[in-house]
There are 2 protein chains.
Amino acid sequence: MARAATTTDAFNAVAEPRRRQILDLLAQGERPVNDLVAQLGLAQPQVSKHLRVLREVDLVRVRDEGRQRLYRLNAEPLRPIRDWLRAYEQMWNERFDLMDTILTELSEEDSDD
Amino acid sequence: MARAATTTDAFNAVAEPRRRQILDLLAQGERPVNDLVAQLGLAQPQVSKHLRVLREVDLVRVRDEGRQRLYRLNAEPLRPIRDWLRAYEQMWNERFDLMDTILTELSEEDSDD
DNA sequence: TTGACGTATTCCGTTATGGGTATACGATTG
DNA sequence: CAATCGTATACCCATAACGGAATACGTCAA
């Protein structure tokens, strides 16, 4: 088996920085493809391909307007990511494992990669 | 260019479900590899390989204990993901897109947040 | 020492990515 | 109708993932 397809879920779709950029742009409102092309500095076909991936995981929706296609964001599929991260949030805000951290740093003097 | 390496950042590392499972298990505390192998029902080499990826993005740290290697979670690298998601959270809580919100709520009457 | 244990690494094959480039296709304009 | 615009798709290539299987390596026990 190879790596899971980018269209498997939002986790995979969003792993690509360009696609995150696209979502960020669409967060500001509906945009035609060429707008995104201009802002991203990418070639049009690549943008269309990224949009396809995002469409397949329903992170964006399209609307035809004459010869343009207006894309807009649908943040809903990001929810599972947020939900998964929830369990880890307290680990940043509180200090559960100060001791662990210290121990780790101590034992990292000889272990390397 | 091919897809970005899984070790590029937490986004990519965490796109793989198995690795998320591993982190979930480690969230409960330090564990030796064989523990993870048992819980995941995966072959040992695959687990070691996943752990390597997680190590390379610093999502886990290791500590040698005799012939075992105890892995523990380091949630810090997840932060950029959460930070990125931040901009989208309000889209669930507030109603940017009224129509979508209504539809979403209708289909979510049994789940809460 | 030898052997068993715990874990990491290597090699293989299959699959799909993402960029580049060319092109197809629908809608609009002249 | 032809030409053009806006966008999607088809191909090609280089890269690497993931699982499977075999094996290497360090540590501990007998």
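First the proteins, then the strands, lettered A, B, ... as listed; each starts at 1. In this text, all values refer to a predicted model and were calculated from it rather than measured experimentally.
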In this structure, how many angstroms lie between the [atom2] atom of [N] and the [atom1] atom of [X], rounded?
X	N	atom1	atom2	answer
B/Phe11	C/dG18	CZ	P	15 Å
A/Gln21	C/dG19	CD	P	10 Å
A/Gln68	C/dC25	CD	C1'	16 Å
B/Leu42	C/dG6	CG	P	18 Å
B/Asp64	C/dG6	CG	C1'	11 Å

(message) When you measure from the side-chain N and O atoms of A/Asn34 to the phosphate of D/dC5, is any distance below 4.0 Å, counting only OP1 and OP2?
(response)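 Negative; the distance criterion is not met.
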
Contacts under 3.5 Å, N or O only, protein and nucleotides 28-30 of chain C:
none

(message) With clusters defined by side-chain heavy atoms of hydrophobic residues (ILVMFWY) lying less than 4.5 Å apart, directly or transitively, does B/Leu73 cluster with B/Leu70?
(response) no

(request) Indicate if A/Met91 and B/Leu59 have the same hydrophobic cluster label, given that clusters are the connected sets of ILVMFWY residues with side-chain heavy-atom separations under 4.5 angstrom. (result) yes

(request) Name all residues meeting the side-chain contact (heavy atoms from CB on, under 4.5 Å) criterion together with A/Arg3; count only those two or more places apart in sequence or in a different chain, and write none if there are none. (result)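 Result, side-chain contact (heavy atoms from CB on, under 4.5 Å) vs A/Arg3: B/Arg3, B/Thr6, B/Asn12.
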
(message) One character per nucleotide, please: for nucleotides 8-18 of chain D, 5' to 3', B when the base has a protein heavy atom closer than 4.0 Å, S when only the sugar-phosphate does, - otherwise.
(response) BBBB---B-BB

(message) Against the six-membered ring of A/Tyr88, is B/Arg82 placed for a cation-pi contact (under 6.0 Å from the centre, within 45° of the normal)?
(response) no

(request) Mind checking the CD-CG spacing from B/Gln44 to B/Leu36? Nearest 0.5 Å is all I need. (result)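 With rounding to 0.5 Å, CD (B/Gln44) is 11.0 Å from CG (B/Leu36).
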
(request) Output, in order, the C-alpha distance, side-chain angles, deciding distance and verdict of side-chain contact (heavy atoms from CB on, under 4.5 Å) for B/Arg18 and B/Gln46. (result) CA-CA 10 Å; B/Arg18 306 302 207 166; B/Gln46 332 301 334; over 6 Å; no

(request) State whether B/Glu30 and B/Arg61 are salt-bridged, where the test is any N-O pair (Lys NZ or Arg NE/NH1/NH2 against Asp/Glu carboxylate O) under 4.0 Å. (result) no

(request) Have a look at B/Pro32 and tell me which of B/Arg67, B/Arg69, B/Gln68 forms a side chain to side chain contact (heavy atoms under 4.5 Å, CB included) with it. (result)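 By the side chain to side chain contact (heavy atoms under 4.5 Å, CB included) criterion, B/Pro32 pairs with just one of B/Arg67, B/Arg69, B/Gln68: B/Gln68.
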
